[in-house]
Structure formats: C-alpha cells, structure tokens
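Note on naming: letters A, B, ... go to the chains in the order of the sequence lines (proteins, then strands), and numbering restarts at 1 for each one.
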Amino acid sequence: MSDNVMDQIVSLCKRRGIIFQNSEIYGGQNGFWDYGPLGTELKRNVRNAWYHDMVASHDELTVLEGTPKAFSMVGIETALIMHPRVWKCSGHFDLFNDMRVDCRECRARYRADHLRIKVARSDDGTPLAAWGFMPGSDEFDWSGAGDKKLAKSVRERCEGEISVDAAPMTLANYTASLQPSEDSGEIAEHLIPRCPNSSCRGPLTEPREFNLMFKTIVGALGTEDDAAFLRPETAQGMFVNFKNVVDSSRVKVPFGIAQVGKSFRNEITPRNFTFRSREFEQMEMEFFCHPGESQQWYTYWRDRRFAWYKNLGISDSKLILRDHTQEELAHYSIGTADVEYAFPFLAEGEYGELEGIAHRGDFDLRSHMEGKLVADANGCLVVEQDEHGQPKYRGSGKDLSYFDDQTRERFIPHVIEPAAGADRATLAFICEAYTEDEQPDEHGKMQKRVLMKLDPRLAPIKVAVLPLIKKEGMPETAQAIYRDFKAAGINAVYDQQAAIGRRYRRQDEIGTPFCMTIDGETATDGCVTVRDRDSLKQDRIPIKGLVGWVQERLK
RNA sequence: GCGGGUGUAGCUCAGUGGCAGAGCGUCACGUUGCCAACGUGAAUGUCGAGGGUUCGAAUCCCUUCACCCGCUCCA
C-alpha cells in the first residue's frame, strides 16, 4: 500500500460523503469535522454496535464466562453542560484550566502560578533583567550557557553595582511592577522574564490561559461567575447519577451505566484527520462493583473490549492491548490498559489509542461525596485543602455508598471504566477497511480497484440493487426488490446508471457488501445474482428469500 | 505554540504577470447482456480568505485560515 494511504482515505471520505471538514466553505475550523450522508450511517452503526453489545443485548440473568456473577447494564443520557462543581471535584478544572507561560526558545511550559521571578537591578533599583525559576530549584549562578548571555546583556545596561532581589516575586506581581513603555505599551525587550532553564534563558510568553475545557456562560446576563464548561468526558454524568440510577432502576451492584455522547476538549494541536478533534464522541461505561471483585471485573472488561474491535473486523496484527506502566497510572488507579490501533498516519510500530479501560477504584464516587481528592505522602487519597486548611473544592456531601441487602454490607463501589472514542473507532474501521487491489476488467486487463472491506454490520449501505440493463422489465423487478429491503429496514440503494462493472466499483468504494443484479433470467427463474464485495463471487439467490438472506448476514 | 511544505472544478493535479485548463468523476440522451465499455452533449471555479503592488495578479508582496510533515503537547 502506498505511503500516502492516509491521503487516499481522507480524499475518499470527502469524495463519497463520509467525512467533511467542518464549515469548509468558510475555510474550515481546526479540530472540527462533519459526517456526510454515508459517514453518518457508518458512525451510527459503530455507535449502535457498541450500545447493542453493552446494553441492548445484554443478558442479565446469565453468568457470563470470565465473570464472578451476573450483572445489569443500563443506558443514560446526560447534559453536555454540568454543574461547575462537578469539574472541580473531578479534577478537570485544575488540570484543564491553568495559566501557562511558554519559553519561546526551548518551548518548555510552566504553570504561571508556580513560577517565581528574580530581578537583577542597578544600584538605583532600575530593573535590568528578570528570570524565572521553580521554587526549590537551583538559583541563578551566572554559569549556565544561557546565563552567560543574560549576564552580558545586563552588563551592557549597567556598569555599576548590580544586585539581585533576595525575595522572589510571583509572575503577576513582577508584571504589575513594570512600567510599560509609553509609546508601544509593551514591556521592554530586556525586561521580559527569561526561561527558568539556565542553559536556555529564552524569553517567556505572556501568561496564557490554557483552557482544555470549553468555557461558556449560563444565562443571558451571565458574568464570569456564571461560567460553565462543556463536558470534557461523558463519565461524570454516570458518576453524579449513580444514586439516581440505583434508586430508580432496581439495579444491584455489580452493574454498569453506559452513555454515548459528545465531549469537548480544546486540544492544542488537533491532528491526524478526526483522530484528535476538539469535539468528539465517546462511548463510555462505568461499571460499579464490590471492591473485592474489582480486579476480576477489570480483567474481564479489558479483554472483552479488546475482543469487540476484532469481532468487527480489526485485524490482530494492527490492534494491541497495552497495559499502562506504573508511572503512567493515575495515582488512584490499580490498572489501566489501552486498546490501540496502528493507524496509517502513525510511524511503523506506533499505535493510537482507541479506548482506555481503567480501574478507577472509588476515586470518582468519593470525590463527589467528599470533594476533590489528591494523594497524600503515603499515597492515600485525601481531600485537597486550600491555604486555610479547608477543602479546596467541596463535594456534594451526598452519601454515594451502596448497601448490599444480601451481605448486609455498606461500601463505596469500585469502578471499571471502558472509555472508547466513537470517532476514533469509526476512523479505525475506515482505515482497516480501505483496500486497494487489482481485478481484471472485461478485457482481462488488470485494473486497480478501491474497496472498503467493512464488516456488513458497519457498512453504511448493505445492499445495492442493480438491473443489468435499463429495459426488458429489469428496472421494475429491481425496484420492487429495493422496496422490500427498505420496508425491512435494511439500507439499500437502487442504481441503473452506467455499465454494471462501474456500478459494482461504486459500491466497492463505499463498502457495500452485497450487490444484487437482476438479469434476463430473473424473469424465468425468480433469482438474482448476488455478488460478494470482497471475493467477487456470484451466487444465484431466489428473490423470495433475499431479505432473510441479508438479515442473516447482518447479525 | 515553533519550523518546513501545500492550498486552482466533486477528486487528482497542470498552469511563474496577459482569455481558467486536463484527466477522472457527476448529469442527460443513445447504446448495453456480469466487473472502471462506447458515442454525443451538459453542468461545475469568489484560483482557501482579506489586503497591497501593477494598465493587468491564480502567478509578485503582506496578513490570515486550513491541511500535511517534523518538533512540542496530549485525558
């Protein structure tokens, strides 16, 4: 396959109405994508395959292989905008809303509120230069490569005594202490704080809000106090509704709550087609279980989710299950694994994340009970405190523990979270399906063919109904068959335009698994030719059984 | 965020200061006998956007947006 296979895929997606760039006629928007008519069908099929497997077809009476006991699964659909305190307790607010400064040269990034500034002054107190350092790190010693340059520039400005402030300032205080130049309104070049890295000392940027959450305002007259956030994950909808679901739907632990929906992250660098987008769709499930069984459930869900992709056609050679190393694990997590796919835009041997399966302990429910949690010196989760010794972000105060009537035990359930990206899965299925091969044309000459080997369950169009020629009653018969498929809820197309070979290729390109051709013999034998997309094999199938024949292959 | 590259019809691209082009695709009519047929005809462009230079700009300059590659970042 060619190196630019990703270009081919992007081009095919646009040409055939699978994925378009958002607001394209206005020049497009980085990180946002639209699904066209065929893409919408494909993505809905992905979503439905997930929901069907997780919830709709789940048998809660049977103990499934590899599980300790039977369990329930329910669906939920929660709002995109949640109470701001949800994100404070979940940790997203602090994690996603820092003011940052970057070094323009070495590009290191620092939290603006952590950075301290030291200033070198002449004897009359005029500032000559300023540089940052992180508290506790090495101080300025005029010896680093960058420091020598800085020292030289300071010397050029002052021949007399130079002193360095004993007390460091915060970045905000330093900036406030400067007089902006009268003509430009900007800080003089030599007073721009320099990078904390003593071998760099490049100029730092202005503090910039580093909002990974999209901020919005609730209420027409809203002010900053009414700031709210578009959800950066769907999971919190399940956690905050845990009690509602338990109280309303007669589920018993263990059970799962599943949700498919949009999430938003203001990514710095959206890249690689839809792989990293600012608006994306997640398919997440939170599985609540007894702490003592959580390890077993974690293993179960990890393996089951990995198998799901393979079952829908992702090849073994391109899919890996990668357990996170100890360093990668969140402090509250006992285990996390990623399902990763070898996307064509990645280098050989690299994989991109499709789904993360995480053992989250009781972190989430406890956070929403008690407040934002952090690990203490012993690695135990404790409520993070502010400078006054009060909880930094208070939780809801509601009791989210669970009482098991049979064992007479009360506990906070542990959570196993398989969190999948619907757009990433869709993209993986597209990439996996994209195939170029060679097939003989009517003269026996080999011709390049582009096809999408999508699993029939995922294919946007299941069946194409094609009269071999536009006369002798073939179109009428074909149209009747087409209507049978539509009536049965099977997505079919009718096409009598152009030669039969061309029509087959059109369907190949969008992954239609079955083409049904009505020919001269149909009128006498009541059969059509069914042509298989991948093998090009043809079979005669009676019209009467056609719908059932297709339904059988969509299970 | 930084550096490099690219942006012209639905797609792939040619066009380096003087009439906006090709191939494929799409549509119509005719033809058709199972794997990209053929014939005839047609539609399709603010040359990514904004500004400037020029008698004249797709072409030169500036700004900006998007995409690709490499860094950086990444739940």
Side-chain angles (χ1 to χ4, degrees), chain A residues 3-4 6-8 10-17 20-33 36 90-92 95-96 100-109 202 204-205 208 210 212-213 231-235 263-273 275-276 280 282 284 328 330 336 338 345 347 352-353 356 358 417 419 421 437-451 466-472 474 496-509 515-522 528-533 535-538 540:
Chain A
D3 284 344
N4 58 353
M6 202 57 215
D7 292 343
Q8 302 290 329
V10 172
S11 160
L12 174 65
C13 282
K14 169 154 197 211
R15 184 156 39 88
R16 299 309 303 266
F20 303 128
Q21 195 178 8
N22 170 260
S23 306
E24 193 193 284
I25 62 168
Y26 284 100
Q29 268 215 112
N30 197 355
F32 297 92
W33 300 91
S90 72
H92 288 91
L95 192 65
F96 280 9
R100 303 286 181 124
V101 293
D102 296 335
C103 172
R104 289 184 201 278
E105 276 170 27
C106 72
R107 284 159 207 153
R109 173 166 288 156
L204 296 173
T205 61
R208 288 180 291 202
F210 197 68
L212 256 52
M213 282 199 291
R231 63 183 180 189
E233 61 172 34
T234 59
S263 291
F264 301 82
R265 291 184 195 182
N266 209 349
E267 296 289 352
I268 311 157
T269 316
R271 200 58 76 89
N272 291 329
F273 203 26
F275 183 78
R276 182 174 297 140
F280 58 102
Q282 291 185 298
E284 291 196 295
E328 282 179 284
T336 297
D338 285 346
F345 49 76
E353 181 186 341
E417 175 190 83
D437 70 4
E438 289 204 330
Q439 297 295 342
D441 66 13
E442 58 168 355
H443 309 295
K445 201 176 145 211
M446 297 307 274
Q447 298 283 352
K448 182 182 149 187
R449 178 174 77 131
V450 171
L451 74 158
L466 318 168
L468 187 58
I469 52 170
K470 266 188 276 189
K471 58 187 182 188
E472 293 172 22
M474 293 183 207
Q496 60 174 33
Q497 187 64 250
I500 190 68
R502 170 171 307 234
R503 282 179 275 165
Y504 285 151
R505 298 300 168 88
R506 278 184 192 141
Q507 297 304 322
D508 289 342
E509 213 176 41
C515 288
M516 316 220 155
T517 305
I518 289 72
D519 60 21
E521 286 167 47
T522 302
V528 300
T529 300
V530 178
R531 176 258 198 191
D532 180 77
R533 176 194 65 202
S535 67
L536 282 72
K537 247 183 77 210
Q538 303 194 344
R540 295 292 284 180

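Between the CZ atom of R502(A) and the C1' atom of U26(B) there is a distance of 10 Å, rounded to whole Å. Between R505(A) atom CZ and A36(B) atom C1' the separation is 5 Å, expressed in whole Å. One can place CD of E472(A) at 12 Å from P of U31(B), the figure rounded to the nearest angstrom. The CD-P distance, from E24(A) to C65(B), rounds to 18 Å in whole Å. Between the P atom of G48(B) and the CZ atom of F20(A) lies a distance of 21 Å, rounded to the nearest Å.
The CG atom of L466(A) lies 7.0 Å from the CD1 atom of I518(A); values are rounded to the nearest 0.5 Å.
Contact annotation: side chain of S11(A) to base of C11(B), donor-acceptor pair absent below 3.5 Å.
Just one of T517(A), L468(A), T522(A) meets the side chain to side chain contact (heavy atoms under 4.5 Å, CB included) condition when paired with V528(A); it is T522(A).
Residue-level contact check: N22(A) touches neither bases nor backbone, having no heavy atom under 4.0 Å from any strand. Among the protein residues, M516(A) comes within range of no part of the nucleic acid, since none of its heavy atoms lies under 4.0 Å from any strand. Within the nucleic acid shown, G352(A) has no heavy atom closer than 4.0 Å to any nucleic acid atom. If you check every strand for non-hydrogen atoms under 4.0 Å, Y26(A) touches nothing. Within 4.0 Å (heavy atoms only), D519(A) reaches at least one base atom of the nucleic acid.
Nucleotides A57(B) and A22(B) are separated by 23 Å at their P atoms, to the nearest Å. A distance of about 10 Å separates the P atoms of A9(B) and C47(B), rounded to the whole Å. For the P atom pair drawn from C62(B) and U53(B), the interatomic distance equals 15 Å after rounding to whole Å. Taking the C1' atoms as reference points, C61(B) lies 23 Å from C67(B), given to the whole Å. Taking atom C1' on both U64(B) and U26(B), the two are 34 Å apart, rounded to the nearest angstrom. Separation of the P atoms belonging to C73(B) and G15(B) is 39 Å when rounded to the nearest angstrom.
Comparing atom distances between the R506(A) side chain and each of C34(B), U26(B), C68(B) picks out U26(B) as nearest. Comparing C74(B), C11(B), C69(B) against the side chain of K14(A) picks out C11(B) as the nearest.
For the pair N272(A) and C69(B), the criterion of a side-chain N or O lying under 4.0 Å from OP1 or OP2 is met. Close to A28(B), at under 4.0 Å from its OP1 or OP2, lies a side-chain N or O of Q497(A).
Taking the centre of each ring, F275(A) and F345(A) come in below the 6.0 Å mark.
Closest approach of Q496(A) to P467(A), counting heavy atoms only: CB-CG, 3.7 Å.
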